[in-house]
Amino acid sequence: MTVLPSALDPAAPDHRANREAMLAKLADLDAEHAKALAGGGEKYVARHRKRGKLLARERIELLLDPDTPFLELSPLAAWGSEYTVGASLVTGIGVVEGVECLITANDPTVRGGASNPWSLKKALRADDIALANRLPCVSLVESGGADLPSQKEIFIPGGAIFRDLTRLSAAGIPTIAVVFGNSTAGGAYIPGMSDHVIMVKERAKVFLGGPPLVRMATGEESDDESLGGAEMHARTSGLADHFAVDEPDAIRQARRVVARLNHRKAYPDPPLAEQPKYDPEDLLGIVPGDLKAPFDPREVIARIVDASDFDEFKPLYGTSLTTGWASLHGYPVGILANARGVLFSEESQKAAQFIQLANQRDIPLLFLHNTTGYMVGREYEQGGIIKHGAMMINAVSNSRVPHLSVLLGASYGAGHYGMCGRAYDPRFLFAWPSAKSAVMGPQQLAGVLSIVARQSAAAKGQPYDDEGDAALRAMVEQQIESESLPMFLSGRLHDDGVIDPRDTRTVLGLCLSAVHTAPYEGARGGFGVFRM
Ligand code: COA
């Protein structure tokens with residue numbers, strides 16, 4: 001074994017200051033997560049309970065095997081938008097009858113569980129995760145359908161929800177709908193397209209058009225039960241496969257359906273792994289408040305991988321990117337971690353080679369981000385930094401082993417791409433509260449804008465307003481800073497969640513377990529042309 005040494009001193013003033021700053025950010029994060037948990041607020045929660053109904057997360061909790069974790073995804077969806085944090089939908093991965101499932105649950109306390117543009121993005125992301133990892137999907141349905149005032153944003157793209165359900169089914173991935181309430185109009189196709197359907201007596205309402213619409217369209221007088229009740233669908237239309245007498249019964253039946261799926265993971269579970277040698281608590285004090293100050297990612301690796309055992313690849317070459325092999329909860333991983341912010345030609349070439357090696361060996365890759373991007377300047381341009389960065393981006397794009405990304409600190413510019421940013425389809429991407437991501441740093445961006453404005457004024461022969469420039473720079477800096485923060489990015493679904501650094505190993509372990517439900521094979525060839 002090659003146990004990583006640690007130079008970390010938890011008593012050092014720097015470490016303590018970093019820790020304090022991280023704890024403050026975690027407190028802010030907790031406050032935002034609490035908003036998602038509160039759903040539509042006291043009034044609507046009380047009304048929902050008074051109707052004898054369970055809340056979305058209570059339904060999930062009853063569905064899951066006792067004492068098993070639920071990896072909630074995108075809890076901050078819609079943060080910073082006009083919609084409620086969480087986007088009226090809960091999504092995540094949990095274990096039902098020993099089977100890892102992708103679970104979604106509408107939150108009927110938020111605008112009747114109606115889907116807004118962020119709910120849609122969140123639901124589509126959940127579908128992608130289910131498809132990539134072959135996870136059975138359980139939808140706990142109770143929704144007012146499209147959020148009507150925002151229909152223009154969701155009606156047309158929203159068709160993908162039903163498309164995805166049938167594509168999952170076609171791929172042999174089971175889909176199960178448990179209908180607790182409203183599932184009307186387009187929403188009727190959730191049970192309509194699912195492999196298995198359970199409906200709750202006198203609660204489920206599944207029809208294309210409710211009584212008022214039917215009266216308008218055909219003049220026919222009808223009622224909810226005869227148009228779309230559970231009993232009607234179980235006895236008459238055949239849309240319901242299982243008739244549940246109440247909510248707990250529906251959840252019990254859903255568990256029985258999962259138990260009978262005969263869904264098998266592609267790989268057996270690895271043997272129990274040894275814990276890291278160092279305390280995960282230390283992870284709170286590693287990333288400096290000022291991301292310009294470097295930190296050694298080996299200190300992070302030492303606290304997340306099994307037995308802190310890490311075999312570094314090319315440690316003396318391209319030293320601002322650390323690469324090497326480890327295992328995490330027993331799963332082999334290749335790790336790429338930025339050590340000193342900037343990526344040079346050597347780092348890029350090293351990364352491309354390392355990614356190819358992982359593909360030859362079928363080893364998943366973990367990207368730990370702290371990069372300000374690829375190096376600029378005459379020397380580096382002449383040295384071929386574009387070619388070499390392109391090589392790394394080519395390798396990341398065409399790699400076929402599963403990728404996981406965690407934004408620890410900076411994730412700027414094309415460095416975000418080369419390190420498998422969101423657009424490069426990592427199976428999962430999480431951010432620490434200390435992360436920041438944007439096209440470049442706020443000061444640099446404001447500075448560039450100012451230089452461009454100054455040059456433009458000079459070209460027109462106009463005087464430049466220096467006072468106005470300072471105000472503009474300050475304003476732009478502030479805007480870019482706020483748009484770079486993890487809560488903002490998480491709100492826009494640019495990650496799968498912001499996590500407590502101490503949970504990193506657990507979260508990645510859950511992800512790796514989900515990943516190993518589907519078979520994968522690295523790319524043996526099939527990369528684009530590497531410009532040498
Ligand atoms: N779009 C936007 N807002 C909606 C909505 C929708 N589809 N469905 C409900 N809401 C809002 C309501 O206006 C209400 O807002 P308010 O409290 O500020 O007045 C809030 O969500 C709760 O709705 P309410 O009707 O009081 O809840 P409920 O639990 O008694 O009934 C529904 C829920 C979904 C059955 C009912 O609201 C409904 O029928 N909505 C319309 C469904 C529809 O036709 N959707 C279009 C399908 S494509």
Gap separating the CG atom of Leu508 from the CG atom of Leu368, nearest 0.5 angstrom:
8.0 Å

Are side-chain heavy atoms of Glu32 and Val498 found at a separation under 4.5 Å?
no

So Ser450 and Asp469, side chain to side chain donor-acceptor pair (under 3.5 Å) or not? Walk me through it.
CA-CA 7 Å; Ser450 153; Asp469 178 80; 2.9 Å; yes

Side chain to side chain donor-acceptor pair (under 3.5 Å) between Ser119 and Asn116, intermediate numbers included:
CA-CA 5 Å; Ser119 332; Asn116 59 58; 3.2 Å; yes

Electrostatic pair Asp362-Arg524, nearest N-O below 4.0 angstrom:
yes

Are Lys265 and Glu100 close enough for a salt bridge, meaning some N to O gap below 4.0 Å?
yes

So Thr372 and Leu291, do their side chains get closer than 4.5 Å, heavy atoms only?
no

Scanning both residues in full, the closest heavy-atom pair of Gly285 with Asn18 reads O-ND2, 3.0 Å

Quick one: CG on Leu89 to NZ on Lys121, what's the gap to the nearest 0.5 Å?
14.5 Å

Considering only residues two or more places apart or on different chains, which pairs with a residue in residues 282-292 satisfy salt bridge (Lys or Arg N to Asp or Glu O under 4.0 Å)?
Asp282-Arg303

For the residue pair Ser399 and Asn359, confirm or rule out a side-chain donor-acceptor distance under 3.5 Å.
yes

Is there side-chain contact between Glu281 and Arg502, with at least one heavy-atom pair below 4.5 Å?
yes

So which heavy atom on Cys101 is nearest to which on Val258, and how close?
SG-CG1, 4.1 Å

Evaluate the criterion side chain to side chain donor-acceptor pair (under 3.5 Å) for residue pair Ser490 and Asp495; output intermediate values, then yes/no.
CA-CA 5 Å; Ser490 211; Asp495 60 37; 2.6 Å; yes

Hey, could you give me each pair passing salt bridge (Lys or Arg N to Asp or Glu O under 4.0 Å) that has a residue in residues 470-484? Not counting sequence neighbours.
Lys436-Glu481

Donor-acceptor pairs under 3.5 angstrom involving side-chain atoms of residues 412-419: please list them, not counting sequence neighbours.
residue : atom : partner : partner atom : Å
His416  : ND1  : Ser411  : OG           : 2.8
His416  : NE2  : Arg422  : N            : 3.4

Distance col, row Leu408:CG vs His369:NE2, nearest 0.5 angstrom, shows 8.5 Å

Between Ala36 and Gly86, what is the shortest heavy-atom contact and its length?
CB-CA, 4.3 Å

Only counting residues at least two apart or in another chain, list the ones meeting side chain to side chain donor-acceptor pair (under 3.5 Å) with His263.
none

Counting only heavy atoms not in Leu449, do more than 12 sit closer than 6.0 Å to its CG atom?
yes

Let me see the working for Ser81 and Arg492 under side chain to side chain donor-acceptor pair (under 3.5 Å), right down to the final yes or no.
CA-CA 9 Å; Ser81 78; Arg492 304 178 79 81; over 6 Å; no

Output for pair (Arg298 CZ, Glu312 CD), nearest 0.5 Å, gives 4.0 Å

Please report the shortest heavy-atom distance between Met392 and Ala351, naming the atom on each side.
SD-CB, 3.6 Å

Can you establish whether the number of heavy atoms outside Arg125 located under 6.0 Å from its atom CZ is more than 12?
yes

Expected output: side-chain Asn370 to main-chain Gly341 donor-acceptor under 3.5 Å
no

List the residues meeting ring-ring contact (aromatic ring centres under 6.0 Å, His included) with His388, not counting sequence neighbours, and say none if there are none.
none

Mark yes when over 12 heavy atoms from residues, nucleotides or ligands other than Tyr189 sit less than 6.0 Å from its OH; otherwise mark no.
no

All heavy atoms of Pro174 vs all of Asp195, minimum pair found to be CA-OD2, 3.5 Å

Any side-chain donor near an acceptor of the partner, Trp118 and Ser74, under 3.5 Å
no

Backbone N/O of Tyr317 and side chain of Lys350: donor-acceptor pair under 3.5 Å:
yes

Donor-acceptor pair, side chain of Ser308 and main chain of Lys277, under 3.5 angstrom
yes

Note: Asp306-Arg505 ion pair, threshold 4.0 Å (strictly below):
yes

Between Tyr331 and His516, is the gap from one ring center to the other below 6.0 Å?
yes

Under 3.5 Å donor-acceptor, Ser405 side chain and Cys420 backbone
yes

Any side-chain heavy-atom pair from Pro280 and Thr504 closer than 4.5 angstrom?
no

The criterion is ring-ring contact (aromatic ring centres under 6.0 Å, His included); which residues satisfy it with Tyr380, sequence neighbours excluded?
Phe344

Of all heavy-atom pairs between Pro519 and Arg134, which one has the smallest distance, and what is that distance?
CD-CD, 4.0 Å

Rounded to the nearest 0.5 Å, what separation is found between the CD1 atom of Ile301 and the CD1 atom of Ile335?
4.5 Å

Side-chain heavy-atom pair Leu283, Ile286 within 4.5 angstrom cut-off
yes

Would you mind reporting whether Asp127 and Ile161 have side-chain heavy atoms less than 4.5 Å apart?
yes

Other residues, nucleotides and ligands only: do more than 12 of their heavy atoms fall within 6.0 Å of CZ on Phe155?
no

Between CG of Leu71 and CZ of Phe428, what distance do you get to the nearest 0.5 Å?
6.5 Å

Crowding at CD, Gln478 (>12 non-hydrogen neighbours, <6.0 Å)
no

